[in-house]
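Okay, structure first, notes after.
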There are 2 protein chains.
Amino acid sequence: MTWSDYDSTSCSIARTAQVLGDRWAVLVVRDLFNGVRRFDALHDHLGIARDVLTKRLALLVGEGLAERQPVAVPGERTRHEYVLTPAGRDLRVVMVALMDWGDHHRAGQDGPPMRISHRDCGAPIHAHLVCDEGHEIEPTTRTELAPLPGARLRSA
Amino acid sequence: MTWSDYDSTSCSIARTAQVLGDRWAVLVVRDLFNGVRRFDALHDHLGIARDVLTKRLALLVGEGLAERQPVAVPGERTRHEYVLTPAGRDLRVVMVALMDWGDHHRAGQDGPPMRISHRDCGAPIHAHLVCDEGHEIEPTTRTELAPLPGARLRSA
DNA sequence: ACCTCTGAGTTTGGATTGCAGACCCAGATG
DNA sequence: CATCTGGGTCTGCAATCCAAACTCAGAGGT
C-alpha cells in the first residue's frame, strides 16, 4: 500500500482544494478576512467578473465558509454583507501560509507588500509546522505519511 | 489608506495563488511531495487530462517549483521525473495547512484519511500561527495588517 | 529488418467556464 | 413620478477542460 494506491480525491488536501482550489475563491476569502464584505466592493477591488463573483460567493456560502447577512442601517434600505463563518475563519492558517510563501519567493524589488502582526504584542505572524511533541518542522525535516481509518483505496 | 486602496494583485497571497490557485496545480504539488514523479503516474493517480497535466507541469517548472530531470537507469532508455525544487518544498506549510482544514471540516464518517508525522519522534504534525514573540495565534486572536515598502496602491 | 511495447507527450473536437459589458429589479431619494 | 444605487442576471464571444485518438522515439523480441 503506497500513496498512489489511495484515492486521490478523498485526501484532505483535495477536499480543501475543492473549495479553495480556484484563484478567485482564494482572493475572495482573503478580502473577506480583510473586511471587504459587500458585493460591489469585492467586484471593484478584485476586478472579478460579476457573474463569477456571484458563483464564487454562492460556493463559499454553500460550503459553509461564509454567510450572506442583511445589514439594516436605519433610514437606508437593507444592504447585504458576506461574512466568514468559523469554518471560513479557520482558513487563516492557510492564508498566512500562502502569504509567507509569496513573501519569500515572489516579493519584488521593495520586499513584501504587507505584514500581518499580533495586535496584542505587535510582532509579525508566520505559519509554522510543529509536531505534537513541540519540535519545529523545518523544510528538510523528514516526515511520514500514514493512512488512517478514513482512507479510501482507489476503485479499480 | 485602507486595505481596498491597495492593488489586489500585488498581494503575496494573490501572487502565490497565481501559481497554486488551480485545483490541479495543488494536487500535482501534493503528489510530487508524496513521491509521484512520472508523467504517466501523475496522469493515472490524479485522473487529470494529459494535456492539462502537460500545462500544469510546464507552469510549475516555469515558476521554479519543480524541475524536469532525466533519470537514466542503465539498460533502460532514459525516463523523466519531475522533482520539487527548494521553492516547491517550501510549500509544505501550505499543504499541511490545507490538510488540517480538510481534516477538521471535511472528514467523513471514519475521520481523516491520512496523518503526517515527524519521522524522528512519530508525533503528528500540524500548521500553527505563531508571532515572533512566540505567542500562539488562535482563530479568534486579533491581528493587524500593515503596508510595507513593497505595497502598491491601485492605479486609478 | 520488421513488429510491438511503452513513456511522454500532442492533437482534435466538443462541453464548460470565464470575461466584459449590457441589462434588470427593488427600495430609497428628489 | 423619474432617478439613483446595490446587487445581481443575461448575452455573446474567448479561453480552458476533457476524453480519446494520434504521434514519436528508443528497447526488445523474432
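Reminder, nothing fancy here: chain letters follow the sequence lines and each chain counts from 1. Hydrogens, waters and symmetry mates play no part in the numbers below; they use all other heavy atoms, side chains included.
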Dot-bracket for DNA chain D, 5' to 3', Watson-Crick and G-U pairs with both distances under 3.5 Å, [ ] for crossing pairs, | for partner on another strand, reads ||||||||||||||||||||||||||||||
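Between A:Arg15 and B:Trp101 the shortest side-chain heavy-atom distance does not fall below 4.5 Å.
Nucleic acid contact class of B:His80 (heavy atoms, under 4.0 Å, all strands): sugar-phosphate only. Contacts of B:Arg50 with the nucleic acid, taken as non-hydrogen atoms under 4.0 Å apart, include base atoms. Here B:Arg23 lies out of heavy-atom contact (under 4.0 Å) with every strand.
Side-chain N/O atoms of A:Thr54 include one lying less than 4.0 angstrom from OP1 or OP2 on D:dT9. Applying the 4.0 Å criterion to OP1 and OP2 of D:dG6, one finds that A:Tyr82 has every side-chain N and O outside that range. Residue B:Arg56 has no polar side-chain atom (N or O) positioned under 4.0 Å from OP1 or OP2 of D:dT16.
Between the CZ atom of B:Arg37 and the P atom of C:dG7 there is a distance of 16 Å, rounded to whole Å. At whole-Å resolution of the value, CG in B:Asp40 and P in D:dA20 are 16 Å apart. In this structure, B:Gln69 atom CD and C:dA8 atom C1' are separated by 16 Å, rounded to whole Å. Note: CZ (A:Arg38) to C1' (D:dT5) measures 10 Å, nearest angstrom. If you measure from atom CD1 of A:Ile48 to atom P of D:dT9, you get 13 Å, rounded to the nearest angstrom. In this structure, A:Lys55 atom NZ and C:dA20 atom P are separated by 14 Å, rounded to whole Å. The interatomic distance linking B:Leu53 (CG) with D:dC17 (P) rounds to 12 Å, in whole Å. We find that CG of B:Leu46 is positioned 16 Å from C1' of C:dA8, with the value rounded to whole Å.
Side-chain contact, B:His45 with B:Asp31: a donor N or O sits under 3.5 Å from an acceptor N or O. Side-chain contact of A:Tyr82 with A:Arg68: a donor-acceptor pair under 3.5 Å is present, judged by distance alone. Neither side chain, B:His104 nor A:Asp90, offers a donor N or O lying under 3.5 Å from an acceptor on the other.
The backbone N or O of B:Val71 sits nowhere less than 3.5 Å from a side-chain atom of B:Arg79 that would complete a donor-acceptor pair. Between the B:His118 side chain and the B:Pro124 main chain, no donor and acceptor come within less than 3.5 Å of each other. Of the possible polar contacts, none joining the A:Ser117 side chain to the A:Ala123 backbone as a donor-acceptor pair under 3.5 Å is found. Between the side chain of B:Arg23 and the backbone N or O of A:Ala17 there is at least one donor-acceptor pair closer than 3.5 Å.
Each of B:Phe39 and B:Asp51 was assigned the nucleotide of DNA chain C with the nearest heavy atom; the assignment lying further toward the 5' end belongs to B:Phe39.
Among the nucleotides D:dC17, D:dG7, C:dG18, the one closest to the side chain of A:Asp22 is C:dG18.
In this structure, B:Asp110 pairs ionically with A:Arg152, as a charged nitrogen and a carboxylate oxygen lie closer than 4.0 Å.
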Report the C-alpha separation of B:Arg154 and A:Asp44 in whole Å, then their side-chain angles, then the decisive distance to 0.1 Å, and conclude whether the salt bridge (charged side-chain N to carboxylate O under 4.0 Å, His left out) test is met. CA-CA 11 Å; B:Arg154 305 171 58 183; A:Asp44 183 46; 3.4 Å; yes
Can you give one letter per nucleotide of nucleotides 25-30 of chain C, 5' to 3': B if a protein heavy atom sits under 4.0 Å from the base, S if only from the sugar-phosphate, - if neither? -BBSS-
